[in-house]
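Report on one structure; see the data block that follows.
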Amino acid sequence: MIISISKGSDRDWIKIKRQDGSVAQTTFPKKGIIPHDVVHYYVEQELAMGSGFWGHVADGTHPEEIQHIVKQAGHASSVRAATPDAHIVELLQAERLVECFEADMWSEPSDNQTLRDVFGAACQSSYVDPPTLSDDQINTIRSSTSSFAKQWIAAEIGETFQLHWN
C-alpha cells in the first residue's frame, strides 16, 4: 500500500492506494509536529502490528471509519469502561503508544523505561495489555519519527511524502 501525505497550511491530506488498486482519501487537522498518522506508521511498522490503524486501512477500512469501529467495539472511556473486543486491541495499543511518542517529541524525550511505564499506564486505562517494547524498538521509532520530522518541518506547503506499507 502506498500512503501519500501532503503538507497543508491548516490541515494535511492523505491518499492511500491499496494493493488491490482501491483508493481512499481524507484530510486531517494539524495536531503535532508531524502528522499523527505518520507516527502510527512508524510505530506499527516497527512492532509489526498488522491489526493497527494502517493494517485496518490496508484491509479496506476508510481512515475516517476507524474511530467509529473502535467506539462500537468497546473502547474504554469515562462513560464506557469495559474490556474492548479482541479485534481492536492492537488499534488501542498502537494509539496509546503513538500518544507516548508524540508527547516525547513535544518535550525533552524521556528515558526508555519511563516511556514504557507511561505506555503501560495508558494501556491499562484502555483495558489492554501493552506489548513488550525493547530499547532497540523504542530507539528505532524515535529515530524514524525524528528523521521524518526534520524533512516535514523543512517541507513547503503542498509537498507530498510517500510511505510504503507492507
Side-chain angles (χ1 to χ4, degrees), residues 1 3 5 11-14 16 18 24-149 152 163-166:
M1 176 171 73
I3 304 161
I5 299 179
R11 66 187 59 250
D12 301 314
W13 294 270
I14 190 165
I16 297 116
R18 298 183 186 92
Q25 297 183 64
T26 190
T27 64
F28 45 95
K30 291 192 177 289
K31 151 179 171 175
I33 296 169
I34 63 175
H36 178 80
D37 293 340
V38 170
V39 183
H40 266 281
Y41 173 82
Y42 289 115
V43 163
E44 293 173 21
Q45 283 282 87
E46 181 61 28
L47 299 181
M49 293 179 136
S51 296
F53 176 82
W54 287 114
H56 277 79
V57 172
D59 288 342
T61 303
H62 193 282
E64 294 173 13
E65 295 174 22
I66 301 289
Q67 188 174 17
H68 177 73
I69 290 168
V70 171
K71 184 178 177 182
Q72 293 301 100
H75 171 46
S77 71
S78 60
V79 295
R80 286 186 319 284
T83 302
D85 293 349
H87 74 279
I88 68 162
V89 167
E90 221 169 66
L91 274 167
L92 296 175
Q93 291 169 329
E95 187 65 28
R96 298 295 79 87
L97 189 53
V98 165
E99 292 165 348
C100 291
F101 279 104
E102 285 179 325
D104 212 44
M105 285 189 289
W106 295 334
S107 63
E108 188 66 32
S110 62
D111 62 84
N112 290 355
Q113 188 55 50
T114 299
L115 186 132
R116 278 191 282 272
D117 292 344
V118 171
F119 175 51
C123 283
Q124 183 180 15
S125 72
S126 290
Y127 295 90
V128 296
D129 291 327
T132 302
L133 293 172
S134 71
D135 284 342
D136 286 344
Q137 289 171 316
I138 292 170
N139 294 337
T140 296
I141 294 166
R142 278 188 174 132
S143 175
S144 298
T145 55
S146 176
S147 177
F148 183 88
W152 185 258
L163 304 170
H164 298 272
W165 182 263
N166 302 328

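The shown structure was predicted, so the numbers you read here are calculated from the model rather than taken from an experiment. The residues of the chain are indexed from 1 along the displayed sequence.
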**Message:** Tell me if the CG atom of D129 is crowded by more than 12 foreign heavy atoms within 6.0 Å.
**Reply:**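 Counting neighbours around CG of D129, 12 or fewer heavy atoms of other residues, nucleotides or ligands fall under 6.0 Å, so no.
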Given side chains that start at C-beta, do those of [X] and [Y] come closer than 4.5 Å, heavy atoms only?
X	Y	result
I3	D37	no
S110	V118	no
T145	E102	no
V39	M105	yes

**Request:** Could you list the residues that satisfy ring-ring contact (aromatic ring centres under 6.0 Å, His included) with F148, not counting sequence neighbours?
**Result:**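 If we apply the ring-ring contact (aromatic ring centres under 6.0 Å, His included) test to F148, skipping adjacent residues, the hits are W152, F161.
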Say whether, by atom type as modelled, one donor and one acceptor occur between the side chain of [X] and the main chain of [Y] under 3.5 angstrom.
X	Y	value
E90	G50	yes
R96	A121	no
S144	I141	no
D111	Q113	yes
T140	D136	yes
S126	C123	no

Looking only at heavy atoms, what is the nearest atom pair of [X] and [Y], with distance?
X	Y	value
T26	H62	CB-CE1, 3.9 Å
P63	I16	CG-CD1, 3.6 Å
Q137	E46	CG-OE2, 3.5 Å
L163	Y42	CD2-OH, 3.8 Å
R18	T61	NH2-O, 3.2 Å
P109	R142	CB-NE, 4.2 Å

Between [atom1] on residue [X] and [atom2] on residue [Y], distance to nearest 0.5 Å:
X	Y	atom1	atom2	answer
D12	H36	CG	NE2	13.0 Å
I66	H56	CD1	NE2	5.5 Å
N139	S146	CG	OG	12.0 Å
I5	I34	CD1	CD1	9.0 Å
L47	L97	CG	CG	6.0 Å

**Request:** Only counting residues at least two apart or in another chain, list the ones meeting side-chain contact (heavy atoms from CB on, under 4.5 Å) with E44.
**Result:**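 E44 satisfies side-chain contact (heavy atoms from CB on, under 4.5 Å) with H40, M49, F53, W54, A94, W165 once adjacent residues are dropped.
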**Message:** Before you tell me yes or no, could you show the steps for L133 and N112 under side-chain contact (heavy atoms from CB on, under 4.5 Å), namely the whole-Å CA-CA distance, both residues' side-chain angles and the distance that decides it to 0.1 Å?
**Reply:** CA-CA 9 Å; L133 293 172; N112 290 355; over 6 Å; no
**Asked** Between the side chains of H164 and Q45, does any donor sit under 3.5 Å from an acceptor?
**Response**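 Not at all, the side chains of H164 and Q45 share no donor-acceptor pair under 3.5 Å.
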**Request:** Taking only Lys NZ, Arg NE, NH1 and NH2, and the carboxylate oxygens of Asp or Glu, determine whether D135 and R116 approach each other closer than 4.0 Å.
**Result:**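 Counted as a salt bridge, because a side-chain N and a carboxylate O are separated by less than 4.0 Å.
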